[in-house]
2 protein chains.
Amino acid sequence: MSETRTQPDTRERILDAAERLFMESGYEGTSMRMITGEAGVNLAAVNYHFGSKEALLREVFRRRLNWLNAERLRALDALEAEAQGGALKPSAILEAFFGTLLKMGRDQSLGGMTFLRLLGRTLTEPADFIRAFFAGEYAEVIERYKKALFRALPEVPPEEIIWRFHLMLGAMSYAIAGTDALQVITGCEVDMNNDGPDAAQLLEARVMPFLLGGLRAPLPQFQLLQVQQSKPEPTKAA
Amino acid sequence: MSETRTQPDTRERILDAAERLFMESGYEGTSMRMITGEAGVNLAAVNYHFGSKEALLREVFRRRLNWLNAERLRALDALEAEAQGGALKPSAILEAFFGTLLKMGRDQSLGGMTFLRLLGRTLTEPADFIRAFFAGEYAEVIERYKKALFRALPEVPPEEIIWRFHLMLGAMSYAIAGTDALQVITGCEVDMNNDGPDAAQLLEARVMPFLLGGLRAPLPQFQLLQVQQSKPEPTKAA
DNA sequence: GGGTAATTCAAACGTTCGTTTCAATCTTAT
DNA sequence: ATAAGATTGAAACGAACGTTTGAATTACCC
């Protein structure tokens, strides 16, 4: 009747529906009709408000990554201010980088576990425009954290640090996105299916020690590889 | 004179093209016309030889996973025979599981790095039939290795081992599949782009120490979590 | 060499995709 | 109240999708 104020922000309804569906079915596996159907809006609304399906995906991420990027930089700034020019502890850097991520999983207004899973899953999407988008969004933050890790681990060759950063991102992404995928493979249900604060807390308690253990693992034998890649700097014993 | 080769390798040409294209563009992002075009065969050939696109994907994996599964079981059998009933070293178990995988990357006749990347990427595909297929293909091998890890690490709670198995799979998959995806994000090129033996060897030297370090990392604080998990009731949420 | 099955081929099938159109409706400021 | 602009609605667009058809061609066995 008169209270049917049918304007609960069409844009937000579309973004919420798209976030959930992209997470569940992937970008190519989600159609515009699925999105507008779940959002309860007209099919043409997506193209009217966002321009295209690609632009919609970008906006889905932008409204979350703005906060994530800013918060990650803020956390690193705080650490560096506290250290007063000294090197940071690797565990503190990981806590700032991944802890900030997991904080999103606990806060429904920041997207919660839904966005975390979408993020982890989308990093492996093969579409070119998606990869290009992420490269641009992440560049500054990754650069800052990479340099912090270089300073925190001066005895580890930078290339090795980059590799392990790589591997930590992969482990974390799978732990988040592979909630049902990999746990089907491992044949055992780990109780991170439920959304909300518990899932993110469990995740943090389980994953952070693993990441730190991997980061601080003994270095591989470099003699052979160093020759192959013709890097002049020798390995410092560790 | 080919007595058993009744086909002019049309089947193999399709499988090779599909393997490469699925790796590059994903399942949904690869069309039948792309596959038959690259294979140089007629569009109808896929449905004639395999029945459907889904069945083609399954066959692409089956011709590789048959070897991988058998070899992984054989490697574990050899370890257990050598141990004569004793527990295995965790590093040996990882070497058997992931070393076998990386052996495929070095052998072009087993699919090489192309198949490895396809495998890592497909594990995150959201399509239901893909997940169901992998669950069936992997079940036996995962079960065997899980039990071996339980015996090798009796002081670690089984659920924690499963989690870390999870995380190791994720790190390895990203290291393989994320060749260009994540290295764009990290903004630094790691030279695993080239196929062939070198890439797999580099991968092994870099990744295995990381995985072992994560697996043997100190356990998290369990007091709080243990209460939640010691209760046998599952508390499943929708 | 003829008969039979296997395979290839061009063409079309029906469906779904993202996108566009344009009239109808709602919002807002004058 | 009314004009102007913003938003929504129903319908259709052309293209691309996976799949099917039926005739033409090839390979194989007796």
Side-chain angles (χ1 to χ4, degrees), chain A residues 1-61 122 125-130 132-133, chain B residues 1-61 122 125-130 132-133:
Chain A
M1 311 291 258
S2 56
E3 91 284 1
T4 58
R5 274 228 341 135
T6 61
Q7 279 294 55
D9 211 38
T10 301
R11 270 182 63 101
E12 291 286 322
R13 305 249 309 277
I14 292 174
L15 288 173
D16 289 341
E19 185 172 73
R20 202 192 68 76
L21 286 167
F22 285 151
M23 178 270 288
E24 191 172 288
S25 307
Y27 175 74
E28 312 235 35
T30 301
S31 71
M32 303 283 261
R33 286 162 180 83
M34 291 166 65
I35 296 170
T36 53
E38 171 147 330
V41 301
N42 188 269
L43 170 61
V46 171
N47 286 281
Y48 175 78
H49 284 283
F50 301 97
S52 68
K53 188 184 177 186
E54 286 193 13
L56 170 61
L57 180 74
R58 278 190 289 264
E59 189 55 33
V60 164
F61 279 101
T122 309
E125 285 268 354
D128 285 339
F129 85 95
I130 294 178
F133 171 71
Chain B
M1 286 307 211
S2 52
E3 45 179 318
T4 54
R5 281 184 70 104
T6 51
Q7 292 119 8
D9 67 348
T10 297
R11 269 183 63 101
E12 292 286 322
R13 304 248 306 280
I14 292 174
L15 287 173
D16 289 340
E19 184 172 74
R20 201 192 68 75
L21 286 167
F22 284 152
M23 178 272 290
E24 192 172 289
S25 307
Y27 175 73
E28 312 235 36
T30 302
S31 72
M32 303 283 261
R33 286 163 179 84
M34 291 166 66
I35 296 170
T36 54
E38 170 147 331
V41 302
N42 188 270
L43 170 62
V46 171
N47 286 283
Y48 175 77
H49 283 284
F50 301 97
S52 70
K53 189 185 176 186
E54 285 193 13
L56 169 63
L57 179 74
R58 278 190 289 265
E59 188 56 34
V60 165
F61 278 101
T122 309
E125 286 267 355
D128 285 339
F129 86 95
I130 294 178
F133 171 72

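What you are looking at is a predicted structure, and each value in this text was computed from that prediction instead of being measured.
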| message | Let me spell it out: for each of B:Asn42 and A:Val41, pick the nucleotide of DNA chain D with the closest heavy atom. Which residue's pick is nearer the 5' end? | response | A:Val41
| Reckon A:His49 has a side-chain N or O less than 4.0 Å from the OP1 or OP2 of D:dT8? | yes
| message | I need the B:Arg13 CZ to B:Ile35 CD1 distance, nearest 0.5 Å. | response | 14.0 Å
| Closest to the B:Ala44 side chain: D:dG9, D:dT19, D:dT21? | D:dT21
| query | Residues two or more places apart in sequence or in another chain: which of them pass side-chain contact (heavy atoms from CB on, under 4.5 Å) with B:Leu43? | reply | B:Met32, B:Arg33, B:Thr36
| Heavy-atom pair of closest approach, residues B:Ser52 and B:Asn47 | CA-OD1, 3.7 Å
| task | Let me have DNA chain C in dot-bracket notation, would you? Count Watson-Crick plus G-U wobble pairs, both distances under 3.5 Å, and use [ ] for pairs crossing earlier ones and | for inter-strand partners. | result | |..|||||||||||||||||||||||||||
| query | So, do A:Leu57 and A:Phe129 sit near enough that their side-chain heavy atoms are less than 4.5 Å apart? | reply | yes
| field | Whole-Å distance separating the CZ atom of B:Arg13 from the C1' atom of C:dT8 | value | 12 Å
| query | How close do B:Gly29 and A:Glu28 get, heavy atom to heavy atom, and via which atoms? | reply | CA-OE2, 3.5 Å
| task | Could you pick out which residue, B:Leu43 or B:Gly40, lies toward the 5' side of DNA chain C when each is mapped onto its nearest nucleotide? | result | B:Gly40
| said: With a 4.0 Å limit, can you tell me whether A:Thr10 has a side-chain N or O closer than that to the phosphate oxygens OP1/OP2 of D:dT7? | reply: no
Enumerate all atom pairs, one protein N or O and one N or O from nucleotides 14-17 of chain D, separated by less than 3.5 Å.
residue, atom, partner, partner atom, Å
D:dC17, OP1, B:Ser31, OG, 3.4

| said: Give me the atom names and distance for the closest heavy-atom approach of B:Ala17 to B:Glu38. | reply: CB-CG, 3.8 Å
| request: Taking all heavy atoms of A:Tyr27 and all of A:Lys53, pick out the closest pair and write down the distance. | output: O-NZ, 3.0 Å
| note | Rounded to whole Å, OH of A:Tyr48 lies from P of C:dC26 at a distance of 15 Å
| query | Which of these nucleotides, C:dT19, D:dT7, C:dT8, is closest to any side-chain atom of A:Asn47? | reply | C:dT19
| field | CG-CD distance between B:Leu21 and B:Glu24, expressed to the nearest 0.5 angstrom | value | 6.5 Å
| query | For the residue pair A:Ala44 and A:Asn42, what are the closest heavy atoms and their distance? | reply | N-OD1, 2.9 Å
| task | Have a look at B:Ala45 and say if it touches a base, only the backbone sugar-phosphate, or nothing, with a 4.0 Å heavy-atom cut-off. | result | nothing
| query | To the nearest angstrom, how far is B:Ile14 atom CD1 from C:dC9 atom P? | reply | 11 Å
